[in-house]
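Single-structure report; data block below.
In this text the structure is predicted, and so the values were computed from the model without any measurement. Below, read A as the first sequence line, B as the second, and so on, with proteins coming before strands; counting in each chain starts at 1.
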Amino acid sequence: MTLRLTNSLTRRSEAFEPLQAGQVSMYCCGVTVYDLCHLGHARSYIAWDVLRRYLLWSGYQVTFVQNYTDIDDKILKRAAEEGSSMEVVSERNIDAFVADMAALNILPADRMPRATQSLDAIRDLIGELQAKGAAYGADGDVYFAVMKHAGYGKLSGRDLSEQQQNADGRVSGSEEARKHHPFDFALWKGSKPGEPSFPSPWGPGRPGWHIECSAMVRQELGDTIDIHLGGADLIFPHHENEIAQSEAATGKPLARWWLHNGMVNVGGEKMSKSLGNFTTIRALLASGVSAMTLRLFVLQAHYRKPLDFSAEALAAAATGWKGLNAALQLAAQLAAEQGASSLPEPASELADSRRRFVAAMDDDLNTAAALAVLFELARPLRALANRSERGDVAAAGAALALQAEARLLLDLAGVLGLRPEGASGQEGGAGDAASDQDITEAIAARQAAKAAKNYAEADRIRANLQDKGIELIDKPGGLTEWLRS
RNA sequence: GGCGGCAUGGCCAAGUGGUAAGGCAGAGGAUUGCAAAUCCUUUACCCCCAGUUCGAAUCUGGGUGCCGCCUCCA
């Protein structure tokens, strides 16, 4: 098998091969911790989580580094607004980030460096760039000179000479006046009164946005890494600048593969903080959308394409997950019942499913096609659940036959980070909700009414419970299950 | 204006040369006192035009529409 990934650098799909056999180094641009993460972040990090899980599943040793940007204008602005400090805002949002990622079953990165804790590496890198003539100082700021770096624009397809004229109209303000070229960007920003600052050879100040990633990648993973990840909106200027800085300093390629995920759209427009059309991860989870529904929703589209977010699409994913989850739960049960030693050899049909799953994932992480394999594997399991529920005596034998299938389904689902979710995932919530005892009693009353063929009364009880958000499910044999909807 | 991407059934979405995965919704059936839930079955010729080819959703050219980036942004 050969994993092929679309490399933004070449705009082509290329067979993936790490620099060191069997070992993959990955860096993912993290969040600026001034606020909570929204669905757009979730989409991005779920996609890369799946890449990571797939590499691990394929036998690679993976080192995954993701940074926190904890020095930034927006963090300072937020701190000023709430009368706290940069540290308070950052800590709070880092905690929230960790919790949100865990809720979505995204594996934590191996290392998560912070800009504020990487200042030595940042200052060293800036010094190195200046010594090589790639950067220049101006009134306490330090800028990167894009014209001095051959190859600037190679990732985003920009042409400096052309852009020069294009940007002329925007060159204004004191910062712009200090730049030699409109695309030059700050490596170090001299501090303004009242702002937190850090000492440096160029005076007190703080690092620019792009330099921190270059410094952290180098410190944590070396001069050249295998895969660099991020949202498509980071291609320019962030990743372009990162490449320029790192490669000007080391003379080596920063990353061999650049992968970018498509945006989450709302009503055809990009979901973003500035447009205000975002939905936070925790708001979604709090509204009753399960974490796995969110994962399924995200993975049903290819990671590079835009993904439209709507209540309808999410509801469709929720229903889809419900079915897949039922199969996974049964699969977990079957897998637990039988010892692994007594496993029959996987049938050729299963080998084919596995092959198709791998082929889909190898094709630039085609998770939508991979999910189709999961749904197909799930179907016989769902049918089995239905049969045994109806007291089909042959179902027991069928369960044995489906054991290998169950294990395969669980295994492949795990690659996508999908795991069975318990029915108790829903919170009881509201205080006026009926107690379990009330419900049980009502169901008993309804059973009595049914036995007496008093269906009007039985239906009345059912409707009454439904008003309280309790759904009844009559099972064969006169049993009635219920769940809060 | 520059760079990049997308257009597949009612909706979401795979498929990049041989007569269209999967999910949701819909329809029919099983089950049910009736429902709900569940299971089974089932529904498309791929934005338009012109080419290449024995053959194209899939390649080429043109058109139309939409989106992203060019300022902070996953």
Candidates [options] - which lies nearest the side chain of [X]:
X         : options                : value
Ala316(A) : C24(B), C39(B), A14(B) : C24(B)
Leu234(A) : A37(B), C40(B), A74(B) : A74(B)
Pro237(A) : A14(B), C72(B), C34(B) : C72(B)
Ser274(A) : A14(B), C72(B), A37(B) : C72(B)
Glu471(A) : A74(B), A37(B), A25(B) : A37(B)
Ala372(A) : G22(B), C34(B), A37(B) : G22(B)
Asp233(A) : A74(B), G33(B), A13(B) : A74(B)
Phe375(A) : A13(B), G23(B), C69(B) : G23(B)
Ala369(A) : A74(B), C70(B), A14(B) : A14(B)
Thr32(A)  : G23(B), A74(B), A36(B) : A74(B)

Discussion item. Does the structure show Tyr455(A) stacking with G33(B), if we require the centres to be closer than 5.5 Å and the planes to be within less than 30 degrees of parallel?
Written reply: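 Here Tyr455(A) meets both the 5.5 Å and the 30° conditions.
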Identified pairing partner of [N], criterion: Watson-Crick or G-U wobble below 3.5 Å:
N      : result
A30(B) : U38(B)
G55(B) : none
G17(B) : none
G68(B) : C3(B)
A44(B) : none

Practice prompt. Taking all heavy atoms of Leu418(A) and all of Arg295(A), pick out the closest pair and write down the distance.
Written response: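 Looking at all heavy atoms of both residues, the shortest contact is CD2-CB, 3.8 Å.
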Worksheet item: Given that Gly230(A) and Pro306(A) both sit by RNA chain B, which one's nearest nucleotide is further toward the 5' end?
Response: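 The residue mapped nearer the 5' terminus is Pro306(A).
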Fill in: Touch class at under 4.0 angstrom, heavy-atom based, for Arg43(A) against every strand present
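Touches nothing.
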Can you tell me how far [atom1] in [N] sits from the matching atom in [M], rounded to whole Å?
N      : M      : atom1 : answer
A7(B)  : U16(B) : C1'   : 15 Å
A25(B) : A36(B) : P     : 13 Å
C66(B) : C48(B) : C1'   : 15 Å
U71(B) : U52(B) : C1'   : 45 Å
U38(B) : G55(B) : P     : 48 Å
A20(B) : U58(B) : P     : 14 Å
A21(B) : G63(B) : P     : 33 Å
A44(B) : A57(B) : P     : 16 Å

Check whether [Y] forms a cation-pi arrangement with [X] (NZ or CZ under 6.0 Å from the six-membered ring centre, at most 45° off the ring normal).
X         : Y         : answer
Lys270(A) : Phe278(A) : no
Arg52(A)  : Phe64(A)  : yes
Arg43(A)  : Tyr303(A) : no

Worksheet entry | Between P of C67(B) and CZ of Phe309(A), the distance in whole Å |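 Whole-Å distance recorded here is 19 Å.
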Worksheet entry | Whole-Å gap separating P (U41(B)) and CG (Asn386(A)) |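 So the CG-P distance, Asn386(A) to U41(B), works out to 12 Å.
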Looking only at side-chain N and O atoms, does [X] come under 4.0 Å of OP1 or OP2 in [N]?
X         : N      : answer
Arg12(A)  : G4(B)  : no
Lys270(A) : C69(B) : yes
Lys475(A) : U31(B) : no
Arg158(A) : C70(B) : no
Lys450(A) : C34(B) : no

Under the 3.5 Å rule, do the base of [N] and the side chain of [X] count as making a donor-acceptor pair?
X         : N      : answer
Lys74(A)  : C72(B) : yes
Arg304(A) : C6(B)  : no
Asn366(A) : G15(B) : no
Asp474(A) : A35(B) : yes
Arg356(A) : A21(B) : no

Discussion item. Under 3.5 Å, is there a donor on one side chain and an acceptor on the other for Thr280(A) and His38(A)?
Written reply: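 On atom types as modelled, these side chains do not qualify, holding no pair under 3.5 Å.
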Worksheet item: Considering only heavy atoms from C-beta outward, does the side chain of Leu365(A) approach that of Leu51(A) to under 4.5 Å?
Response: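 Yes, their side chains come closer than 4.5 Å.
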Worksheet item: Salt bridge between Glu82(A) and Arg92(A), side-chain N to carboxylate O under 4.0 Å?
Response: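 Result for this pair is yes, salt bridge flagged.
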Worksheet item: NZ of Lys475(A): more than 12 outside heavy atoms within 6.0 angstrom?
Response: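 Check passes, neighbour count above 12.
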